[in-house]
Amino acid sequence: MQPRPPFSLYFLLLLLLTAAVTTTTTTAHNITHILASHPEFSTFNHYLTTTHLAAEINSRTTITVCAIDNAAMSEILSKHLSIYTLKNILSLHVLLDYFGAKKLHQITNGTALAATMFQATGTAPGSSGFVNITDLKGGKVGFGVKGNDGSLDSHFVKSLEEKPYNISVIQISKVLTSGVAEAPTPGPSELNITGIMSAHGCKQFADALLANAEAAKTYEDSVQGGLTVFCPLDDPFKAFLPKYKNFTVANKTAFLEFLAVPVYESLDMLKSSNGLMNTLATDGDRKFDLTVQNDGQEVTLKTKINTVKITGTLIDEQPVAIYTTDKVLLPNELSKAAPTPAPAPAPEEAADSPKAPKKKGGKKDAPASDSYSPADSPADDAADQTADDNAGVMVGGARFLAIGLSLCLGVLLL
């Protein structure tokens with residue numbers, strides 16, 4: 001009888017199997033589903049969805065949600081604040097770190113400052129978007145907005161759900177708020193979208209939009225009905241500026257309008273949709289469309305020229321959403337000069353007639369100066385496509401590896 005392999009070999013195969021399986025799985029959470037099993041938090045849950053904070057929470061990998069029950073929510077709702085101001089207040093209840101019940105009672109030095117989703121929006125001046133968490137006497141843990149006179153009038157009540165170190169949902173006794181968070185927030189018609197872009201890494205694009213009165217007005221007129229902008233970050237747009245400056249005025253307008261769609265699209269909506277999308281520049285046979293493609297949490301935008309990734313959210317407050325992209329998305333319509341109709345064939349010349357003199361140089365007309373060719377598109381687009389393909393192979397390979405190792409282990413155990 002053949003001797004069995006040593007136990008250490010079994011153990012090694014188990015480790016490899018675990019690693020392979022881990023590479024094919026991701027940890028996900030859904031705050032709406034978590035809170036749905038706790039009806040006493042239905043109002044808080046409703047407003048997380050209405051303000052689109054739920055989608056932002058679900059997109060984070062390490063987060064703590066400080067939920068408040070229906071009775072505590074009624075206190076803030078009685079102030080009849082706008083939905084935009086309410087979003088700022090609820091953003092203070094989303095901590096960008098993991099705080100389970102155990103960690104809350106074992107805070108280093110007894111106190112900690114936690115950044116919130118309100119701080120991450122960039123609209124909170126200074127450190128007003130931080131929450132102070134302090135371990136108090138008698139086993140209590142106090143919560144208070146930084147700079148709010150040091151008040152810690154909200155306390156930890158209980159843990160609702162914990163997935164270390166992914167998401168912790170806890171109950172606190174009172175609403176966390178401040179004068180800054182409750183300050184009136186402009187509605188969509190009052191939003192300064194170029195100001196938001198300039199303040200958050202898209203100044204080059206914002207300046208180009210401000211310099212083009214027609215495109216700027218198109219953006220402004222679209223805000224009320226819905227507007228989603230895909231704003232290139234400063235570095236890639238700065239690299240594209242030499243080509244952009246060679247565009248005609250009409251093509252500059254079309255290009256700027258191409259980077260926005262005339263409907264509101266939350267990140268969740270983009271993640272659940274694939275396919276063509278018209279833009280502000282779409283006009284009859286000049287389609288100026290783009291393709292949305294998502295893979296899990298990653299959203300990409302494509303044309304025949306190149307592919308870009310959505311890298312961040314500047315604002316997502318219905319009816320306006322502005323996202324940053326890692327590169328400049330290039331429309332198909334400006335990839336080359338418009339084709340020139342072929343000239344009509346010349347009448348056949350008589351044998352004795354003199355031939356017309358040839359043009360010097362014999363070169364074809366140069367393409368319009370405001371065009372770019374596919375060769376002008378960023379060189380790393382092909383690399384991006386290769387990387388995407390490789391990623392698919394890697395994930396598929398990991399799955400086959402897991403299956404193969406399982407079979408090997410089964411054979412060895414026989």
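Side chains are part of it too, since the values below use all heavy atoms of this structure and drop only hydrogens, waters and symmetry mates. Computed from a predicted model, the values in this text were never measured in an experiment.
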Can you tell me if [X] uses its side chain to pair, donor with acceptor, with the backbone of [Y] under 3.5 Å?
X: Asn274; Y: Asn294; answer: yes
X: Asn45; Y: Thr32; answer: yes
X: His105; Y: Val141; answer: no
X: Thr325; Y: Lys327; answer: yes
X: Thr64; Y: Asp97; answer: yes
X: Tyr219; Y: Leu280; answer: no

Indicate whether the side chain of Thr111 and that of Asn132 have a donor and an acceptor atom separated by less than 3.5 Å. yes
On a heavy-atom basis, which atom in Phe99 and which in Ile170 lie closest, and how many Å separate them? O-CG2, 4.0 Å
If you take all heavy atoms of Leu95 and Ile133, which pair is closest and at what distance? CD1-CD1, 3.9 Å
Please say whether the positively charged group of Lys252, taken as NZ for Lys or CZ for Arg, lies over the ring of Tyr244, i.e. under 6.0 angstrom from the six-membered ring centre and within 45 degrees of the axis. yes
Check whether the ring centres of Phe255 and Phe240 lie less than 6.0 Å apart, and answer yes or no. yes
Quick check, are the ring centers of Tyr47 and His93 under 6.0 angstrom apart? no
Parallel, tilted or perpendicular: which describes the rings of Phe237 and Phe205, with under 30° parallel and over 60° perpendicular? perpendicular
Near Tyr165 OH, under 6.0 Å, is it more than 12 heavy atoms from other residues, nucleotides or ligands? no
Between Glu162 and Lys103, does any side-chain N to carboxylate O distance fall below 4.0 Å? no
